J.: 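Let me begin by handing over the structure; questions about it come next.
Treat the numbers as computed from the prediction; the structure is a model and nothing was measured.
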Amino acid sequence: MKLYDTRTAQKQEFAPLDGAAVRMYVCGITPYSESHIGHAMSYIYFDVLRRYLQHLGYRVRHIQNFTDIDDKIIARAKQQGIGTVQLAQKYIADYYEVMDRLGILRADVYPLATVEIPYIIDVIEDLVEKNFAYASEGDVYYRVEHFRPYGALSHRKLDEMLAGARVDPGEKKESPGDFALWKASKAGEPFWPSPWGPGRPGWHIECSAMSLRYLGTQIDIHGGGQDLIFPHHENEIAQTEAFTGVAPFARFWAHNGLLTLGEQKMSKSLGNLITCRDALDRYTPEALRLFFLSSHYRSPLAYSEENVTAQNRALDRLRGALEPTQDTGAEVDAAPFRRRFTDAMDNDLNTPQALAAMFDLTSEIYRARLAGQAVAAGQAGLIEMADILGLHLRPAKRDASADPFIEILVELRKELRTSQQFTLADGVRQKLQALGVVLEDSAQGTKWKFGG
RNA sequence: GGCGACGUAGCCAAGUGGUCCAAGGCGGAGGUCUGCAAAACCUCUAUUCGGCGGUUCGAAUCCGCCCGUCGCCUCCA
């Protein structure tokens, strides 16, 4: 498949370094508040990438961090009067819960920054030894000007960035572009001992340390939102490549476009967000997933309740195509649709096009069924494609305790219709509909389902 | 200010030189079926791709300018 790489700014044929195994690192969250649907969107995209790579026969080793110590966590914990660990654990639990509900496959390892401190210190020490970093009053900074390719990922020139950079008074940096690898702790802040005194890791170093530790010196795919390109990923490259002497650290940089709410990016710091929890209260995981996948992962997307809601109708259409039939005759052939699907996915994960193939197959199944042809092969193909996208089209498990009562009403209505008492029959149907039960009459009898 | 991305039907959204007088979904209109609905099926719903120029035999697709929107440059998926 072809995958777009931010660093080279082009689509390139993807193949892992190591034969059948793909090493993928996706930047995780800083757990100081509930995960929002911008996170959900990003992790759904990477979930689909992973599922598709697995479909192609690769074994994927997927690592995703939690940056469970930083300024925001310290501030929020203080505000809530709890410990930083307690705060982070609370939001990590929230993350797991909502992402599980969204059907996102779990990573192989979710390393925590606070647990990787010894390894982080090792990396920093090495960078200091190599002169890529320097200690300054208990802090340690990365000497950006010593890393020649700095800016290669974000396509910026260091001197242009420095020209506009502000220099805060009292900075301990040699140069405004330098960034912290280690921060000395202030009074009352959590700290870990280090060769430079008590402190905590800077923001970017944990990802370098974790990817090195769990995936090695070179990885195949490094993912995250486009807002991480600079400075986070740029700095990761500087750290990791200076440490290993091997480039490129990540062979493909995959960045998803950002979700906007109203006129702005959805983000925790701006406060304009919808939490996953709220979204899941209102919409099914499938509707949300379909909403995200109907836009290409690299495009920005505006959150729209109207458009998420509209996905329910589309899902009903897909699900309807999977209803069993017992007709025989010519088989619906899923192959041409499967081919369109994989062609689309091979082209930098073009999920909107892949979905179009699925919807066309869906129409084909309906038409064939109308013509009395067998559709099992088509249905199998549709399910296979849906699985690759992580879309669960099979009806969810639900409480069936009301079913016998609904059956009685359906039976009653049948008798009313038989005796031409249509007003009463329609009344039953309308009242059931008001309760969320949809009836569909056909020559084969009346079917009913929840939804609609 | 610097760097980058984007602007396609009522809404969402693919398509990046001819096979596109432009996929797919939602919505809408008409029809078939039905006691009526619903679902499904059939037909229709952008002579046109932000605007203006240019390159080319040929452009939504390439180039230039303009208008508009967003992102990054500071924490952020």
J.: Heavy atoms only: give me the nearest A/L273-A/K268 pair and the separation to one decimal.
T.: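 What the structure gives for the nearest pair is CD2-CA, 3.7 Å.
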J.: Quick one: ring-ring contact (aromatic ring centres under 6.0 Å, His included) partners of A/F191, sequence neighbours excluded?
T.: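 By the ring-ring contact (aromatic ring centres under 6.0 Å, His included) rule, A/F191 matches no residue at all.
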J.: Does anything in residues 409-418 of chain A reach RNA chain B, meaning a heavy atom under 4.0 Å, and if so which residues?
T.: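 The answer is A/R413, A/R417.
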J.: Go through B/rC42, B/rA14, B/rA37 for me and flag the one nearest to the A/H296 side chain.
T.: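 Per side-chain heavy atoms of A/H296, the pick is B/rA14.
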J.: Could you give the distance separating B/rC6 and B/rC42 at their C1' atoms, to the nearest angstrom?
T.: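 Comparing C1' positions in B/rC42 and B/rC6 gives a spacing of 38 Å.
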J.: Pick the nucleotide of RNA chain B nearest each of A/M266 and A/R156; which residue has the one closer to the 5' end?
T.: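 Nearer the 5' end of the strand: A/R156.
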J.: Who passes ring-ring contact (aromatic ring centres under 6.0 Å, His included) against A/Y214, sequence neighbours left out?
T.: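 By the ring-ring contact (aromatic ring centres under 6.0 Å, His included) rule, A/Y214 matches no residue at all.
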J.: Between B/rU45 and B/rU56, how many Å separate the two P atoms, rounded to a whole number?
T.: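 Their P atoms lie roughly 35 Å apart.
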J.: Working to the nearest 0.5 angstrom, can you tell me the gap between A/F249 CZ and A/L212 CG?
T.: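 It comes to 6.5 Å.
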J.: How many whole angstroms separate atom CD of A/E440 from atom P of B/rG35?
T.: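 In whole Å, B/rG35 P lies 16 Å from A/E440 CD.
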J.: So, do A/Y142 and A/Y150 have ring centers that fall under 6.0 Å from each other?
T.: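 For A/Y142 and A/Y150, the ring centres are not under 6.0 Å apart.
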J.: Enumerate all atom pairs, one protein N or O and one N or O from nucleotides 24-30 of chain B, separated by less than 3.5 Å.
T.:
residue	atom	partner	partner atom	Å
B/rG27	OP1	A/R313	NH1	2.6

J.: Across the strands shown, which category fits A/L370 at heavy-atom distances under 4.0 angstrom: base, sugar-phosphate, nothing?
T.: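 Sugar-phosphate contact only - A/L370 comes under 4.0 Å of backbone atoms but never of a base.
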J.: If we ignore angles and hydrogens, is there a donor and acceptor under 3.5 Å between the side chains of A/Y91 and A/D68?
T.: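 The answer is no; no qualifying pair exists.
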J.: Quick one: pull up CG in A/L322 and CD1 in A/I383 and give me the separation to the nearest 0.5 Å.
T.: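 CD1 of A/I383 is found 5.0 Å from CG of A/L322.
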J.: Output the rounded distance in Å from CZ (A/R298) to C1' (B/rG71).
T.: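 Interatomic distance, CZ of A/R298 to C1' of B/rG71: 15 Å.
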J.: Dot-bracket notation for RNA chain B is requested: 5' to 3', Watson-Crick or G-U wobble pairs only, both distances under 3.5 Å, with ( ), [ ], | and . as defined.
T.: ((((((((.[[[..)..(.....]]]((((((.......))))))....[[[[[..)....]]]]])))))))....
J.: Looking only at heavy atoms, what is the nearest atom pair of A/M266 and A/G38, with distance?
T.: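 Smallest heavy-atom distance, with atoms named: SD-N, 3.7 Å.
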J.: Cut-off 3.5 Å, side chains only: do A/R317 and A/S363 have a donor facing an acceptor?
T.: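 Yes.
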J.: What is the distance, to the nearest angstrom, from the NE2 atom on A/H204 to the P atom on B/rA77?
T.: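 About 12 Å, once rounded to whole Å.
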J.: For the base of B/rC36, is there a side-chain donor-acceptor partner from A/D441 under 3.5 Å away?
T.: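 Result: at least one qualifying N/O pair found.
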J.: Suppose we call two aromatic rings close when their centres sit under 6.0 Å apart. Are A/Y110 and A/Y96 close by that rule?
T.: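 Yes, close enough.
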J.: Without decimals, in angstroms, what is the distance between A/K447 NZ and B/rA39 C1'?
T.: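 About 8 Å, once rounded to whole Å.
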J.: Please determine whether a side-chain nitrogen or oxygen atom of A/K265 lies at a distance below 4.0 Å from atom OP1 or OP2 of B/rC70.
T.: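 No, A/K265 has no side-chain N/O under 4.0 Å of OP1/OP2 on B/rC70.
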J.: Hey, is the side chain of A/N350 pairing donor to acceptor with the base of B/rG15 inside 3.5 Å?
T.: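 When only heavy-atom distances are counted, A/N350 does not reach the base of B/rG15 through any donor-acceptor pair under 3.5 Å.
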J.: Which pairs of donor and acceptor atoms, one on a side chain in residues 224-232 of chain A, lie under 3.5 Å apart (sequence neighbours left out)?
T.:
residue	atom	partner	partner atom	Å
A/Q226	NE2	A/R298	O	3.4
A/H232	ND1	A/H204	ND1	2.9
A/H232	NE2	A/E236	OE2	3.0

